[in-house]
Structures are given as C-alpha cells and as structure tokens.
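Below: the structure, in structure tokens.
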Amino acid sequence: MVEIEIDGKKVEVPEGSMVMHAAEKAGTYIPHFCYHKKLSIAANCRMCLVDVEKAPKPMPACATPVTQGMVVHTQTDKAVKAQKSVMEFLLINHPLDCPICDQGGECQLQDLAVGYGASGSRYGEEKRVVFHKDVGPLISMEEMSRCIHCTRCVRFGQEIAGVMEFGMSHRGEHSEIETFIGQSVDSELSGNMIDICPVGALTSKPFRYSARTWELSRRKSVSPHDSTGTNLIVQVKSNRVMRVVPLENEAVNECWIADRDRFSYEALNGEERLTKPMLKQGVPGKRSIGGRRWSTWPTA
C-alpha cells in the first residue's frame, strides 16, 4: 500500500493506483470527462489536472501514478486555473444549445461548466460543425458538434462490448467519432454508449425529444429478459414508461444493461398491446387478432 496526501487528507491505496483512485477513496471530487471507473485510462480531456508538489506543471489525476509521500492539491490557484483553462478550450466549439439539447439536466459538461466555465467567451471565430451520422435505430448522432472527443464510446465498444464499432478519424481539430466505412452500430450493448457519453453527442433515438429528465419519476426494477436479475431504473411520465436505464449493482450488472432491457419498453406503449382481458366470440365485426375475432371481457 502507498500513502499519499490529498487536500490535507491521508489516504492509502494499492501500489500502481492513480491519483484519481486515491481521490475517490478520500471522497474528494476531481472534475473529469474521459475518465470512467470501468474503462481504460485515456487522459485526453485533461479536465482532471491537479497540483502535485514538486511537479513543474499540473498533472492529470487519472494518469498520474501515486508514489509514497506524494502531496496533491485539487483546489489551489494552480489547479483551478488549469481546470478552467481546459474548460475554456472544451467549450470553444461546443454549440450553445442547452435549452434544446436532449442531455440537458443530466449533462456532465453542463454541470462542470457552471463551476469551471467563464461567463463569456474569448473565441470570436466560427464554431466547428460536424456533419450528423446515421448509425441505426437506437443511437442518435444528429449533433456530433457537441462531441468533446473523450473516446468513452470507443473504449466501451473495444473493452466491454467486445466489438470496436466506433473509432476516431482524422487528427487535431478535424477529429470525428464515427463508425468504420459508414457501418451501423449493431452491438447488443450499444445503448450503454448513450449513458457514458458526458455530453449530448450520443442520445437515445426512441427517447429523443419525448420528455425532460426533471419531468420523470423513477422506479427500481429488475430485467424481465434474462436470468441474471439485471437491475434497472424505469423512468415514468404521466403513467407512461418513457425510458429505462441501468441501476448500478456491482454484484450483478455493474453499470451496464443490454439493449433488449433498455429499449423493450416501447412495446408497453404499442398500439397492438392488449390492455384488457379478451374473450373469444363468434360474432362478426368484433376485433380481429391473429385471424380470430375477440371482444373485450365483460366488465359488468
């Protein structure tokens, strides 16, 4: 075990851990976008820069290994100035469309921009626009101009889903997240990319523009489609299921769910779904289902 100090708190973590892991154990929040506890470390957003004593410049907490006696500060002027500078760069090309963004209200970039963003922009040039892409019926990539290139979706496909469907093409300011040669996203776990996207670049096509997150009430549930007992959160508006997302449970499904659990709620709201018991009748003109005529069960 290695003992380090973070903002005056002593914490012990296994050798080889990163500063970010130590901060989580100490209960200290460090802003981040590309870091995810279930994915490999990319260190490409640089939002988690912290002040490490004896280091000549701010260091990324997610990619800096701990050493015995290390002293880390996350709230000094040096650290906060570095984090605010990174946020300014991230917002340079990000469209200011929070009021109409489907991610509004649960957007990591929106939350951190409140604490680390400036009140005005010094960037006077035209913002970069990325052409939308069609990757299938489940994931919407209509507003890829919002993408901050954290590569969470790329790493998820490669490391968790086992199918590397997304990749980053081009370089520098021309970088884009896209599929290979215009292919669709067909993984059975693809919907998790929507959850881990920290901005509104990847959103749910079935849920898109149907409700706001603050309008939804939440109910804990269990998956009806597998025998593992995947934990779910069913989000409801006006007695109508609007969305299904994972409920984190390390012993069962961690923080992932399959697409059949995420999107099958649409059948609950389908026109063909029976909502009352039906009684077979031989009278012509009654409702026909599967070639047979039925009528509703008498209620009186």
Side-chain angles (χ1 to χ4, degrees), residues 1-91 103 106-117 147-161 168 177 192-199 201-202 246 248-251 253-256:
M1 299 292 282
V2 177
E3 184 181 79
I4 73 169
E5 181 181 314
I6 299 182
D7 291 343
K9 297 179 183 177
K10 299 280 188 179
V11 58
E12 284 191 351
V13 291
E15 189 175 353
S17 299
M18 302 297 164
V19 172
M20 183 71 80
H21 301 142
E24 288 177 346
K25 189 172 182 179
T28 301
Y29 178 75
I30 299 177
H32 59 272
F33 292 113
C34 69
Y35 170 78
H36 190 282
K37 62 183 179 181
K38 296 295 181 182
L39 303 176
S40 62
I41 293 170
N44 52 9
C45 78
R46 317 307 282 187
M47 189 63 206
C48 63
L49 293 175
V50 293
D51 183 9
V52 180
E53 286 191 4
K54 299 182 181 178
K57 58 184 179 180
M59 306 291 287
C62 69
T64 303
V66 296
T67 57
Q68 184 65 36
M70 177 185 278
V71 179
V72 179
H73 304 284
T74 66
Q75 300 297 326
T76 60
D77 289 341
K78 184 178 180 180
V80 173
K81 186 177 179 180
Q83 292 163 358
K84 287 186 175 182
S85 297
V86 170
M87 176 60 74
E88 184 176 15
F89 277 116
L90 291 175
L91 292 176
Q103 193 89 346
E106 52 185 4
C107 175
Q108 202 173 336
L109 181 67
Q110 191 181 48
D111 293 340
L112 291 180
V114 173
Y116 299 90
C147 180
I148 60 171
H149 308 132
C150 70
T151 69
R152 280 187 179 185
C153 54
V154 178
R155 286 175 283 146
F156 171 83
Q158 189 172 13
E159 300 164 13
I160 306 298
M168 184 178 287
I177 298 292
N192 292 292
M193 297 178 186
I194 299 168
D195 291 336
I196 62 176
C197 181
V199 296
L202 303 180
E248 187 170 346
N249 187 331
E250 285 296 322
N253 58 299
E254 298 182 359
C255 54
W256 319 116

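Remember, predicted model here, so these are calculated numbers, not experimental data.
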Distance check, rounded to the nearest 0.5 Å: [X] atom [atom1] versus [Y] atom [atom2]?
{"X": "Phe89", "Y": "Ile148", "atom1": "CZ", "atom2": "CD1", "value": "14.5 Å"}
{"X": "Cys147", "Y": "Met168", "atom1": "SG", "atom2": "CE", "value": "6.0 Å"}
{"X": "Arg152", "Y": "Met193", "atom1": "CZ", "atom2": "CE", "value": "13.5 Å"}
{"X": "His149", "Y": "Leu90", "atom1": "NE2", "atom2": "CG", "value": "10.5 Å"}
{"X": "Cys62", "Y": "Arg46", "atom1": "SG", "atom2": "CZ", "value": "7.5 Å"}
{"X": "Ile160", "Y": "Glu254", "atom1": "CD1", "atom2": "CD", "value": "7.0 Å"}

* Which class fits the ring pair His32 and Tyr35: parallel under 30°, tilted 30 to 60°, perpendicular over 60°? -> perpendicular

* Asked: Do the rings of His36 and Trp256 sit parallel, tilted or perpendicular, given the 30° and 60° boundaries?
  -> parallel

Would you indicate whether the side-chain heavy atoms of [Y] and [X] approach each other to under 4.5 Å?
{"X": "Pro60", "Y": "Leu49", "answer": "yes"}
{"X": "Thr151", "Y": "Arg155", "answer": "yes"}
{"X": "Ile4", "Y": "Val11", "answer": "yes"}
{"X": "Ile196", "Y": "Leu39", "answer": "yes"}

What are the two closest non-hydrogen atoms of [X] and [Y], and how far apart are they?
{"X": "Ala82", "Y": "Pro58", "answer": "CB-CG, 3.8 Å"}
{"X": "Thr64", "Y": "Met59", "answer": "OG1-CB, 3.5 Å"}
{"X": "Ile30", "Y": "Ala23", "answer": "CD1-CB, 3.5 Å"}
{"X": "Leu202", "Y": "Cys153", "answer": "CD1-CB, 3.8 Å"}
{"X": "Cys107", "Y": "Pro198", "answer": "SG-O, 3.6 Å"}
{"X": "Val66", "Y": "Pro14", "answer": "CG2-O, 4.3 Å"}

* Asked: Are the side chain of Glu3 and the backbone of Gln68 linked by a donor-acceptor contact shorter than 3.5 Å?
  ->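 Side chain of Glu3 to backbone of Gln68, a donor-acceptor pair under 3.5 Å: no, none is there.
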
* Asked: Counting distance only, does the side-chain N/O of Glu159 pair as donor-acceptor with the main-chain N or O of Ser40 below 3.5 Å?
  -> yes

* Asked: Hey, are Lys38 and Glu248 close enough for a salt bridge, meaning a charged N less than 4.0 Å from a carboxylate O?
  ->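 Salt bridge flag = no for Glu248 with Lys38.
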
* Can you establish whether the number of heavy atoms outside Lys81 located under 6.0 Å from its atom NZ is more than 12? =>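 No.
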
* Asked: Does a sphere of radius 6.0 Å around NZ in Lys84 hold more than 12 heavy atoms from other residues, nucleotides or ligands, not counting ones at 6.0 Å or beyond?
  -> no

* Taking atom types as modelled and ignoring hydrogens, do the side chains of Asp7 and Thr28 form a donor-acceptor contact shorter than 3.5 angstrom? ->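 No, no side-chain donor-acceptor contact under 3.5 Å.
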
* Asked: So Ile41 and Met20, side-chain contact (heavy atoms from CB on, under 4.5 Å) or not? Walk me through it.
  -> CA-CA 11 Å; Ile41 293 170; Met20 183 71 80; over 6 Å; no

* Result of checking Met87, Met47, Gln103 against Leu109 for side chain to side chain contact (heavy atoms under 4.5 Å, CB included) ->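 Considering Met87, Met47, Gln103, a side chain to side chain contact (heavy atoms under 4.5 Å, CB included) with Leu109 is found only for Met87.
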
